[in-house]
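Residue numbers begin at 1 in each chain, while the letters A, B, ... track the order of the sequences.
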Protein chains: 2
Amino acid sequence: MAAADEARGASARPKRADAVRNQQTLLAAAAEVFVTSGVDAPIREIAKRAGVGMGTIYRHFPTRADLVVAVYRHQVEACAEAGPALLAEEESPFTALERWVDLFVDFLVTKHGLADALRSDSGGFEALHAYFLDRLVPVCGQLLDAAAGAGEARPGVEPYELMRGVGNLCVGRDDDPRYDPRRLVDLLLRGLREVRPSS
Amino acid sequence: MAAADEARGASARPKRADAVRNQQTLLAAAAEVFVTSGVDAPIREIAKRAGVGMGTIYRHFPTRADLVVAVYRHQVEACAEAGPALLAEEESPFTALERWVDLFVDFLVTKHGLADALRSDSGGFEALHAYFLDRLVPVCGQLLDAAAGAGEARPGVEPYELMRGVGNLCVGRDDDPRYDPRRLVDLLLRGLREVRPSS
DNA sequence: GACAAAACGGAACAGCGCTCCGTATCGTAA
DNA sequence: TTACGATACGGAGCGCTGTTCCGTTTTGTC
């Protein structure tokens, strides 16, 4: 898949060169702005940084979620693909699950405000929630099923709630030394772990 | 402590009757609006409901947090006071901790958007975060210490991070049938529990 | 009843998301 | 090369926020 196709969406018919260029410029500008101002940075700020008008942003990315998804698509895909890989290479399914959750947490905590946006119920972020979940919940489910099947995880825990729980633990200021999301996620996973019957 | 004193703050010198009346009216109006529109409802909406101008709100409650704290002060106090009581009446410290966390979760999930506001890093909610923490972290610490001391909880978990973890698990839409904060909090507490040595 | 202090109300300003349409640019066919 | 329709662009404008500020009203007191 060529970069231009990917940025534009493969099924759309070829568009003008300036449009493709602007889309690329916007993605780059948005990525930069997200780092400093978070994913809920003012649209005008992104437009200014990219040197385009606001109309251009809304034409290419009708909702904020579209822009955020486009910026982070690669990393979400990488996370999704890491699931089966970990399951294959780790010695136990639960270890694979732990390492995959680690990956997910790393992703969230390094993106200022992304976890907050994920759980947001306004601001055009609903589609973001949906995309992350559509892509990652099945992967999480696979790992969870494997762990439960091996008797390493408590049965009855849904992938969706685990994902949201982990995501929720990552919200909030990331520069507070008193709160490390990873420690809480560890606790959560410890609670998920099923002690294997000694038989 | 008389109601008027309490609403005004006991250390302030006596103020005009209309000011006291408006403060009461505002508290009642805010409580009503919070139920329907959440704690981040527009100031104008609260002012309108109370039949006062916006200036009046800002004069009595300079920040949004001041208003929210005033509305929920009683319930926070009740929650704080329930800690030692539970520790005294429950058979084990960990059970007391569990029941206290339940109380806290109940409080959060029944207040639309309160958990979200608590972890917010903008919108004048910082003081809200501070108040909740100042009041509840010591209580949580007491329960946690008791449980750890009895060998029922893993040592090394800070009250602050537990409170924030539980609070974080409660953020987000409360009408999503796929996600029940209580289930995740259960998992978290299960991870916190230390299996008592069989000796 | 008069007067100063206290409190009130809402106009006004700034920042935001989002829309809409006149204008500029691009691709193509003559 | 030029001309022209399709496509994309830019930003003014609208509505909704939070917050401030000051002319006006109400209150308590003498």
Side-chain angles (χ1 to χ4, degrees), chain A residues 4 7-9 12-30 33-34 36-68 70 113 116-117 120-128, chain B residues 4 7-9 12-27 29-30 33-34 36-68 113 116-117 120-128:
Chain A
R8 197 174 50 244
R13 72 168 178 281
K15 288 308 167 69
R16 279 168 43 168
D18 56 345
V20 179
R21 200 178 338 127
N22 271 330
Q23 187 135 341
Q24 303 284 68
T25 307
L26 271 172
L27 280 176
V33 172
F34 286 172
T36 56
S37 304
V39 294
D40 50 3
I43 295 289
R44 279 175 239 263
E45 188 181 340
I46 302 171
K48 193 174 182 182
R49 163 90 70 148
V52 305
M54 287 179 304
T56 303
I57 291 199
Y58 281 102
R59 194 167 316 105
H60 287 293
F61 307 100
T63 79
R64 219 200 189 67
D66 293 320
L67 181 54
V68 177
D116 296 60
S120 175
D121 51 353
S122 64
F125 278 127
E126 300 83 0
L128 183 62
Chain B
R8 194 173 53 244
R13 71 171 181 279
K15 288 306 167 71
R16 281 169 41 169
D18 55 347
V20 180
R21 199 178 339 122
N22 272 329
Q23 187 135 341
Q24 303 284 69
T25 308
L26 271 172
L27 280 176
V33 172
F34 286 172
T36 56
S37 303
V39 294
D40 49 3
I43 295 288
R44 279 174 240 264
E45 188 180 339
I46 301 171
K48 192 174 182 181
R49 165 91 67 149
V52 304
M54 289 175 302
T56 303
I57 291 197
Y58 281 101
R59 197 167 313 105
H60 287 292
F61 308 100
T63 79
R64 216 197 192 68
D66 293 320
L67 181 53
V68 177
D116 296 60
S120 176
D121 51 354
S122 64
F125 278 126
E126 299 83 0
L128 182 62

Practice item. In whole angstrom, give the distance that lies between atom CG of A:L67 and atom P of C:dG17. Key: 12 Å
Review point. Would you say the side chain of A:R44 and the base of C:dG15 hold a donor-acceptor pair, judged only by whether the two atoms sit under 3.5 Å apart?
Key: no
Review point. Which nucleotide, D:dG13, C:dG9, D:dG18, lies nearest any side-chain atom of A:M54?
Key: D:dG13
Check your understanding: How long is the gap from CD1 on A:I43 to OH on A:Y58, to the nearest 0.5 Å?
Key -> 4.0 Å
Point to revise | Sugar-phosphate only, base, or nothing, as touched by B:A17 at under 4.0 Å among non-hydrogen atoms | key: sugar-phosphate
Exercise for review: Report the end-to-end axis angle of the helix from C:dG1-D:dC30 to C:dA30-D:dT1; each axis comes from five terminal pairs, and the value is rounded to 10°.
Suggested key: 20°
Revision key, fill the gap. Atom CG of B:D40 and atom P of D:dG18 are separated, to the nearest Å, by 9 Å
Check your understanding: Backbone N or O of B:V39 within a donor-acceptor pair of the B:R64 side chain at under 3.5 Å?
Key -> yes
**Study point:** Candidates D:dT27, D:dC9, C:dG17 - which lies nearest the side chain of A:H60
**Key:** D:dC9
Exercise for review: Could you check B:R21 against B:R59 and say which one's nearest nucleotide on DNA chain D is further toward the 5' end?
Suggested key: B:R59
Practice item. Check the distance between D:dC9's P and A:K48's NZ and give it to me in whole angstrom. Key: 20 Å
Check your understanding: Is there a donor and acceptor pair, one atom on the side chain of B:R16 and one on the base of C:dA6, closer than 3.5 Å?
Key -> yes
Check your understanding: How many Å lie between CZ on A:F61 and C1' on D:dA8, as a whole number?
Key -> 14 Å
Check your understanding: Between D:dA8 atom C1' and A:K15 atom NZ, what is the distance in whole Å?
Key -> 10 Å
Point to revise | Spatial distance of atom OG1 (B:T56) from atom CZ (B:F61) [nearest 0.5 Å] | key: 11.0 Å
Check your understanding: What's the spacing between A:H60 NE2 and A:Q24 CD if we round to 0.5 Å?
Key -> 10.0 Å
Practice item. Return the nearest nucleotide to the side chain of B:D18; candidates are D:dT17, D:dT26, D:dC9. Key: D:dT26
Exercise for review: Could you pick out which residue, A:G53 or B:G55, lies toward the 5' side of DNA chain D when each is mapped onto its nearest nucleotide?
Suggested key: A:G53
Point to revise | Rounded distance in Å - CD1 (A:I46) to P (C:dC18) | key: 11 Å
**Study point:** Any donor-acceptor pair under 3.5 Å from B:T36 side chain to B:V33 backbone
**Key:** yes
Check your understanding: Would you say a side-chain N or O of A:N22 is under 4.0 Å from OP1 or OP2 of D:dC9?
Key -> yes
Exercise for review: Figure out the CZ/C1' separation between B:R64 and D:dT20, and round it to whole Å.
Suggested key: 16 Å
Check your understanding: So how far is it from A:D18 CG to A:T25 OG1, rounded to the nearest 0.5 Å?
Key -> 10.5 Å
Review point. CG/A:L67 to CG/A:L128 distance, rounded to the nearest 0.5 angstrom?
Key: 10.5 Å
Practice item. May I ask you to verify if any side-chain N or O of A:T56 is less than 4.0 angstrom from the OP1 or OP2 atom of D:dG10? Key: yes
Exercise for review: Starting from the 5' end of DNA chain C, give me the residue, B:G51 or A:G124, whose nearest nucleotide shows up first.
Suggested key: B:G51
Exercise for review: Enter the distance from A:R16:CZ to A:N22:CG here, rounded to the nearest 0.5 Å.
Suggested key: 10.0 Å
Review point. What integer distance in Å separates B:D66:CG from D:dT19:C1'?
Key: 14 Å
Check your understanding: Any idea which of D:dG18, C:dG17, D:dG10 is nearest the B:Y58 side chain?
Key -> D:dG18
